[in-house]
Protein chains: 2
Amino acid sequence: MYDKLIDHIRQNVPGTSIDKQTIEEYFTPQLFEKKEHFLKQGYICKLAGFVIEGCYRNYMISAEGKEVNTGFGFENWWLGDVSSFVNQTPTLINTQFLENTRLLTITAKNHIDLFEKSQCFREYTYKLRSKATMASVLKLSELSESARTRYKVLLEKYPKIQQRVSQRQIASFLHITPEALSRLRKSEIS
Amino acid sequence: MYDKLIDHIRQNVPGTSIDKQTIEEYFTPQLFEKKEHFLKQGYICKLAGFVIEGCYRNYMISAEGKEVNTGFGFENWWLGDVSSFVNQTPTLINTQFLENTRLLTITAKNHIDLFEKSQCFREYTYKLRSKATMASVLKLSELSESARTRYKVLLEKYPKIQQRVSQRQIASFLHITPEALSRLRKSEIS
DNA sequence: TAAAATCGTTGACCTACATCAAGACTTTTA
DNA sequence: TAAAAGTCTTGATGTAGGTCAACGATTTTA
């Protein structure tokens, strides 16, 4: 259980000596059911979580009141809103599980403690944060392309996504309707 | 010159005691001309910069080879790509000045030193980084709305942008053609 | 296990925005 | 300061993807 997180830290901060006991002390295993929310717009993000098993979507509410997916996460991903978590301000992000999901969670207070205490965890956090920023920017440039191109790029990047995420959810992420995605898939095959 | 940066740090980390001499030691004033690039895709981001006076655009190249603006920056904003700067990996961002621009720049090495040395600068960096992440995510949800709505939202957020940035550049940011923006503006007024 | 809800597909029709082209105005360059 | 380049506008025309509606298949709920 904890090993998955420790492995992930090791992968991102090579040659480090992270203490297993410290991890067990600061993180709590937690189970969420499909459709449950981890985070809702307007609330303060009290926990950060690391996915052991399962998957989730992040979405926002557009000015017209529609849900728009901004991303998905699977095993070995972090969830929580950095901005809200760090500054303890209301978040704009919604996170909902698409499968029953097992997490390791950490409170903001524990996160600060661990951040102060462990050089290794500091580097790990730092590294992940830069990666996350990059990912969200990448997404923006893709949006100037046709839905077809965006869909292709998505499948190239995450070939397995079709097995885990419904077309409705993928369509929302691509900023098109489920009908449009259906037609696009049809024309793609034939 | 240096005061603008010091003021900005004070505003973001209230009640701090930042040493003016330290700032002068670590940062270098630099002048860029309109149309010059601060950062180009594929290169490693060697400098971070703080805008004293002037303005810039960030853009990316889409898969179809077109420039797509991802944002603008003015006085008191930072430029540079965190991911590239921190990990010294090639950037995906292009930054070009839209006016002659005065900056205070800092090298990656100096940034690390100052980050280690100054608790205050650490907090400042940390805070700005969270803000930046938020801004880019915000942008994503807006893209599901009509061009008209996106334009309105942009003007509400940055009413002065019209005086500083050409319609071409704004159109690119809104993911529409300059023609479409022109027509949209016309129908808005009448 | 029956009823209700959700999902993916398809058809008919509509509209927001793209593309191409051309002219008037302004800014940059030599 | 004349020529060249870029900007904004407007017109004509094309198209990707939206909306609404309906149906069978699957999943969820009671």
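Residue numbers begin at 1 in each chain, while the letters A, B, ... track the order of the sequences. Excluded from the calculations below are hydrogen atoms, water molecules and symmetry mates; all remaining heavy atoms, backbone and side chain alike, are included.
As judged by a 4.0 angstrom heavy-atom cut-off over every strand, B:K35 is placed among residues making no nucleic acid contact.
A straight line from NZ of A:K34 to C1' of C:dT6 spans 10 Å, rounded to a whole angstrom. One atom, CZ of B:R148, and another, C1' of C:dA18, lie 16 Å apart when rounded to the nearest Å. Rounded to an integer number of Å, the gap from CG of B:L98 to P of C:dT28 is 12 Å.
If you check the side chains of B:E123 and B:Q119, you find a donor sitting under 3.5 Å from an acceptor.
Between C:dG8, C:dT19, C:dC17, one nucleotide has an atom nearer to the side chain of B:R150 than all others, and that is C:dC17. When distances run from any side-chain atom of B:T177 to the nucleotides C:dT9, C:dC17, C:dA18, the shortest one goes to C:dA18.
Put simply, chain A comes within 4.0 Å of DNA chain D, heavy atom to any atom, from D:dG17 to D:dT28, going 5' to 3'.
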Could you go through the side chain to side chain contact (heavy atoms under 4.5 Å, CB included) check for A:I23 and A:F27 one step at a time?
CA-CA 6 Å; A:I23 295 294; A:F27 286 86; 4.0 Å; yes
Donor-acceptor pairs are to be reported for all side-chain atoms of residues 103-117 of chain A against protein atoms at under 3.5 Å, with residues two or more places apart or in another chain.
unit_1: A:T105; atom_1: OG1; unit_2: A:T28; atom_2: O; d: 3.3
unit_1: A:T105; atom_1: OG1; unit_2: A:Q30; atom_2: OE1; d: 2.8
unit_1: A:T107; atom_1: OG1; unit_2: A:N110; atom_2: N; d: 3.1
unit_1: A:K109; atom_1: NZ; unit_2: A:D113; atom_2: OD2; d: 3.3
unit_1: A:N110; atom_1: ND2; unit_2: A:Y26; atom_2: O; d: 3.3

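Taking the C1' atoms of five terminal pairs at each end of the helix from C:dT1-D:dA30 to C:dA30-D:dT1, the two resulting helix axes are inclined by 70°, rounded to 10°.
Residue whose closest nucleotide on DNA chain D sits further toward the 5' end, between B:R183 and B:Q169: B:Q169.
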